[in-house]
Number of protein chains: 2
Amino acid sequence: MRGAVLHAPGDIRVEEREEPRILLPTDAIIQLSATCICGSDLWPYRGIAAVTGPSPMGHEYVGTVQEVGSEVNDIRPGQFVIGSFFASDNTCPICQAGYQTSCLHREPIGGLGAQAEYLRVPLADGTLVATPDIPADDLIPGLLAASDVLGTGWFGAVAAEVGPGKTVAVVGDGAVGLLAVLAAKRLGAERIIAMSRHEPRQKLAAHYGATHIVTERGDDGVTRIKDLTDGLGAHSVIEAVGTQESMMQAIRSTRAGGHLGFVGVAHDVQLPGDELFFSHVHLHGGPAPVRRYLPELIDLIWTRQIDPGKVFDLSLPLEQAAEGYQAMDERRAIKVLLQP
Amino acid sequence: MRGAVLHAPGDIRVEEREEPRILLPTDAIIQLSATCICGSDLWPYRGIAAVTGPSPMGHEYVGTVQEVGSEVNDIRPGQFVIGSFFASDNTCPICQAGYQTSCLHREPIGGLGAQAEYLRVPLADGTLVATPDIPADDLIPGLLAASDVLGTGWFGAVAAEVGPGKTVAVVGDGAVGLLAVLAAKRLGAERIIAMSRHEPRQKLAAHYGATHIVTERGDDGVTRIKDLTDGLGAHSVIEAVGTQESMMQAIRSTRAGGHLGFVGVAHDVQLPGDELFFSHVHLHGGPAPVRRYLPELIDLIWTRQIDPGKVFDLSLPLEQAAEGYQAMDERRAIKVLLQP
């Protein structure tokens, strides 16, 4: 089969890869209808995360079940399914508490390479959620977004305790930040401040429910948030970048007693204990337990109440993955969908 | 009047200080029945926090109102009152949200020096809570504990979302840690693990409700907590020290999705963003908004449902404050009560 493989920073190739097969009785094989490139794929692509030999890429996927192992009971061949970037059994105490990305038996999908024609999904019953039927073509981008970026933005909003009457600030205007705006709107936020200096992203943020746009960054951005909140800061802040600057901006934008949900994968971040102590902020985040939200998110997409697929502003055949990586690296595209 | 003044590290003297008087119409003057030495007073005493000239010491206090300013309406002369280490108006949006130690008009009591015969309390109506009557003598240590260490331990337990069915670990066996054990017990914790290697403190922890004692520290302590929790970590962890080691021990002792309440004043702490990200821990803490809990805590003490005063294992006349500091510095005493 064809699949995208990163050979070295900047060197992504679509080449022949061995077709996956059932290795464990809890596995499923799915034929991918769509896959995509994640902001986190850019870390190794840019050489910031180490690349050690050729690596199959991709961890976002939707598709049709081809085959299941002998111990798979709920997922059946022919179903259209969505899973997240960690396989999880969905039965251990950590999964039951809603933290499937810390499942005691979790397995990263990233190493299996979802930017391909076929994918082996471990722990299929725990990991995959089937749609009510085979989806219409125009629903596929939205369902694919649910595999990671929508669920991640949603978790950020839940971790930030977004709710009615609250002012929410979103740090980061990538797909996750934009879908955090959508989540904040669905969860009833009164005001949603999107921090973005890119016009197409500002427009999408407004489409998803942002009531204010702040273009300043760092402490200037904090000042703008304070100006908009009687000097207090936002009740809820969602951090969707993962740098030292964005985390400090997020902490300082949150009012005392407020909540910060951080979902940008942290890179070289050190949080000063004394500032955190005196900030009185609630802090929660990490790899989003997308599985927790999948049934609800699939329903919202299926019934066309939300349209998260709009974050895909470039669609390419899988064979042109290299062009997709380049477009995201240069911020010409928010998020690139790949068609196997 | 007599009051304790720190002149240099290790040099605490009880000397004549000017008697406080009403400076603002929202002030009250109280005659102190009891005051005490806080773990945080040891930072400047040990020279770890800078000492810049003679500093009146102390921020924990109970006593009788002598005089109030013209704009004080609820607090009246003759009442027996308790306040916390920050004066707060109790009306601003941050106070109303329960974060009185981040009140928009807060004033630290520390600079006013509560280890003395009299104390000026700013924002008296917002800061002070009166007891139902003049307390019996044996209730005074408990009421004094409510001024800081009890309320701080209580906030740690609330921040750690202690509740029925949960396993709670407490890092730190000072007065705050021990009273966090008491709070965890009152809040319904199923198992309470106190981390302590000092026998008298272990005994008091057990008296307050600890079901397990762990003597190991650092990563060895983490291993013991995991052993006691099926490898998962505690649901709720309360951090009551404030060092890098204790914070990392606390984070690593908390299960994914669990809650860490940190109330030890952070000194030279840097939290690694990536570890925090992948820990999936909820983090909340800071200077405890003791005022939020004072009415409830006073009632529990008044009706003798709790006895937090046991943390005072040494009682001295104010004149012997220097001996009290020494006893706490050398860990011969858990907490020292001073009688003006």
Side-chain angles (χ1 to χ4, degrees), chain A residues 49 86 92-104 106 155 159 161 229-233 235 239 241-244 246-248 251 255-289 292, chain B residues 86 92-104 106 155 159 161 229-233 235 239 241-244 246-248 251 254-289 292:
Chain A
F86 272 111
C92 80
I94 301 297
C95 281
Q96 288 295 298
Y99 288 86
Q100 288 90 344
T101 30
S102 282
C103 170
L104 297 180
R106 71 175 181 183
F155 173 60
E161 302 228 341
T229 54
D230 298 328
L232 302 177
H235 298 95
E239 193 284 336
V241 182
T243 63
Q244 183 72 22
S246 64
M247 278 299 284
M248 296 316 298
I251 291 171
R255 69 177 58 195
H259 292 78
L260 166 54
F262 63 107
V263 290
V265 183
H267 282 83
D268 296 325
V269 172
Q270 294 281 336
L271 301 182
D274 53 350
E275 181 164 350
L276 197 62
F277 185 83
F278 288 103
S279 76
H280 264 153
V281 165
H282 295 76
L283 206 62
H284 184 45
R292 190 202 308 181
Chain B
F86 272 111
C92 80
I94 301 298
C95 281
Q96 289 295 298
Y99 288 85
Q100 288 91 344
T101 31
S102 282
C103 170
L104 297 180
R106 72 176 181 182
F155 172 60
E161 302 228 339
T229 53
D230 298 326
L232 303 177
H235 298 95
E239 193 284 338
V241 182
T243 62
Q244 183 73 23
S246 65
M247 278 299 285
M248 295 316 299
I251 290 171
T254 313
R255 71 177 58 195
H259 291 79
L260 165 55
F262 63 106
V263 290
V265 182
H267 282 84
D268 296 325
V269 172
Q270 294 281 337
L271 301 183
D274 54 348
E275 182 165 350
L276 197 61
F277 185 82
F278 288 103
S279 75
H280 263 152
V281 165
H282 295 76
L283 205 64
H284 185 46
R292 191 203 306 181

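Everything numeric in this text was worked out from a predicted model, so none of it was measured. In the text below, chain A, chain B and the rest are named by the order of the sequence lines, each starting its count at 1.
- Between chain A and the options B:Pro289, B:Gly273, B:Gly231, the largest number of non-hydrogen pairs under 4.5 Å is found for B:Gly273.
- Per-residue heavy-atom pair counts under 4.5 Å with chain A were compared for B:Gly257, B:Gly286, B:Ala256, B:Gly264, and the maximum is reached by B:Gly286.
- Residues passing the side chain to side chain contact (heavy atoms under 4.5 Å, CB included) test with A:His284 are A:Tyr99, A:Phe155, A:Ala159, B:His282, sequence neighbours excluded.
- Contact of the B:Leu232 side chain with the A:Leu104 side chain is registered, since non-hydrogen atoms from C-beta on lie closer than 4.5 Å.
- Residues A:Gly285 and B:His280 come closest through the heavy atom pair O-CD2, 3.3 Å.
- A distance of 8.0 Å separates CZ of A:Phe262 from CG of B:Leu283, quoted to the nearest 0.5 Å.
- In terms of heavy-atom pairs under 4.5 Å with chain B, the best-connected choice from A:Leu271, A:Leu276, A:Asp268, A:Val281 is A:Leu271.
- Counting heavy-atom pairs closer than 4.5 Å to chain A, the top residue among B:Gly242, B:Ser279, B:Ala97, B:Ala266 is B:Ala266.
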For this session: Kindly indicate, with the supporting measurements, whether the criterion side chain to side chain contact (heavy atoms under 4.5 Å, CB included) is fulfilled by B:Val265 and A:Asp274.
Result: CA-CA 7 Å; B:Val265 182; A:Asp274 53 350; over 6 Å; no

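- Atoms OG1 and CZ, on A:Thr101 and B:Phe278 in that order, are 9.5 Å from each other to the nearest 0.5 Å.
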